[in-house]
Amino acid sequence: MNTVSLRPAFVLVQLAALLMLAPAWAASPGGVAPNRASIDATYQQDRAACLRGDSQHERSSCLREAGAVRTEALRGRAAGRDTPEAWAQNALQRCRSQTGDNVAICERMVRGEGGVSGSVAGGGVIRELVTPIPAPAGLATPPEVPPAPAR
């Protein structure tokens, strides 16, 4: 059997970034990219939450993440990536880093084949696709064994 497991460890960071930018997206008209004032306001709110200890993260990592989210928003990288189509396209694009037959297996898993276990909260989502591989032609049929004589 050929088994491939993918463990996207960075999913938690991406989810945190999306959640931190949600107020800016909601405040922007028509869901367009937020302006600099909106990005800065969101950053100040996030920074204040980190300093108050309202985050699940350690203060230094919370502040670092808030700064990283602000930087990405200023670069315009967060705009338009919150659609199911964008998520699927990103997942398929990540399959390109696989080699050989694993590319096709990865794409099949992205499209929903295989099993999923675990959770982000538990440390990661594990996707698994079991592909049966037929035996070589010469080994397909085992030799017949005559029955043992009766006693």
Side-chain angles (χ1 to χ4, degrees), residues 1-26 28 30-34 42-43 45-47 49-151:
M1 285 192 262
N2 189 5
T3 303
V4 177
S5 297
L6 302 177
R7 300 186 86 189
F10 60 90
V11 171
L12 184 60
V13 173
Q14 289 177 338
L15 181 61
L18 288 173
L19 291 175
M20 292 174 86
L21 281 177
W25 282 328
S28 62
V32 296
T42 300
Y43 169 71
Q45 290 172 356
D46 295 340
R47 188 173 186 282
C50 292
L51 295 173
R52 282 193 311 267
D54 291 347
S55 170
Q56 301 174 0
H57 304 287
E58 176 191 1
R59 179 181 286 183
S60 62
S61 64
C62 181
L63 291 170
R64 187 172 38 253
E65 182 64 23
V69 168
R70 178 181 179 270
T71 300
E72 292 299 304
L74 289 173
R75 290 179 182 165
R77 292 189 179 166
R81 295 197 181 191
D82 198 21
T83 64
E85 295 82 16
W87 283 83
Q89 187 63 33
N90 180 282
L92 287 170
Q93 189 174 17
R94 284 184 277 125
C95 287
R96 293 183 190 148
S97 67
Q98 301 295 320
T99 58
D101 293 338
N102 291 338
V103 175
I105 293 169
C106 177
E107 289 174 352
R108 288 174 57 195
M109 287 191 292
V110 165
R111 291 186 177 104
E113 289 186 51
V116 179
S117 63
S119 67
V120 173
V125 176
I126 299 177
R127 299 182 187 279
E128 180 178 63
L129 178 65
V130 178
T131 307
I133 300 174
L139 299 176
T141 310
E144 284 195 36
V145 178
R151 291 187 185 188

**Request:** Grab the two heavy atoms, one from Val110 and one from Cys95, that are nearest each other, plus how far apart they are.
**Result:**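 So the minimum-distance heavy-atom pair works out to CG2-SG, 3.7 Å.
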**Prompt:** What pair of heavy atoms forms the shortest contact from Ala66 to Asp46, and how long is it?
**Reply:**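 For Ala66 and Asp46, the tightest heavy-atom pair comes out as CB-CB, 4.0 Å.
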What distance separates [X] [atom1] from [Y] [atom2], expressed to the nearest 0.5 Å?
| X | Y | atom1 | atom2 | value |
| --- | --- | --- | --- | --- |
| Ser60 | Glu65 | OG | CD | 12.0 Å |
| Leu63 | Glu58 | CG | CD | 10.0 Å |
| Arg52 | Arg59 | CZ | CZ | 11.0 Å |
| Cys62 | Leu51 | SG | CG | 8.0 Å |

**Asked** Which residues pass the salt bridge (Lys or Arg N to Asp or Glu O under 4.0 Å) test with Arg96, sequence neighbours left out?
**Response**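 Per chain and number, Arg96 pairs via salt bridge (Lys or Arg N to Asp or Glu O under 4.0 Å) with no residue.
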**Request:** Just jot down the salt bridge (Lys or Arg N to Asp or Glu O under 4.0 Å) partners of Arg108, sequence neighbours excluded, or say none.
**Result:**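 Salt bridge (Lys or Arg N to Asp or Glu O under 4.0 Å) list for Arg108, sorted by chain: Glu113.
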**Message:** Using side-chain heavy atoms (C-beta onward) and a distance below 4.5 Å, is Met109 in contact with Val116?
**Reply:**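 In short, these two side chains do not touch, never coming nearer than 4.5 Å.
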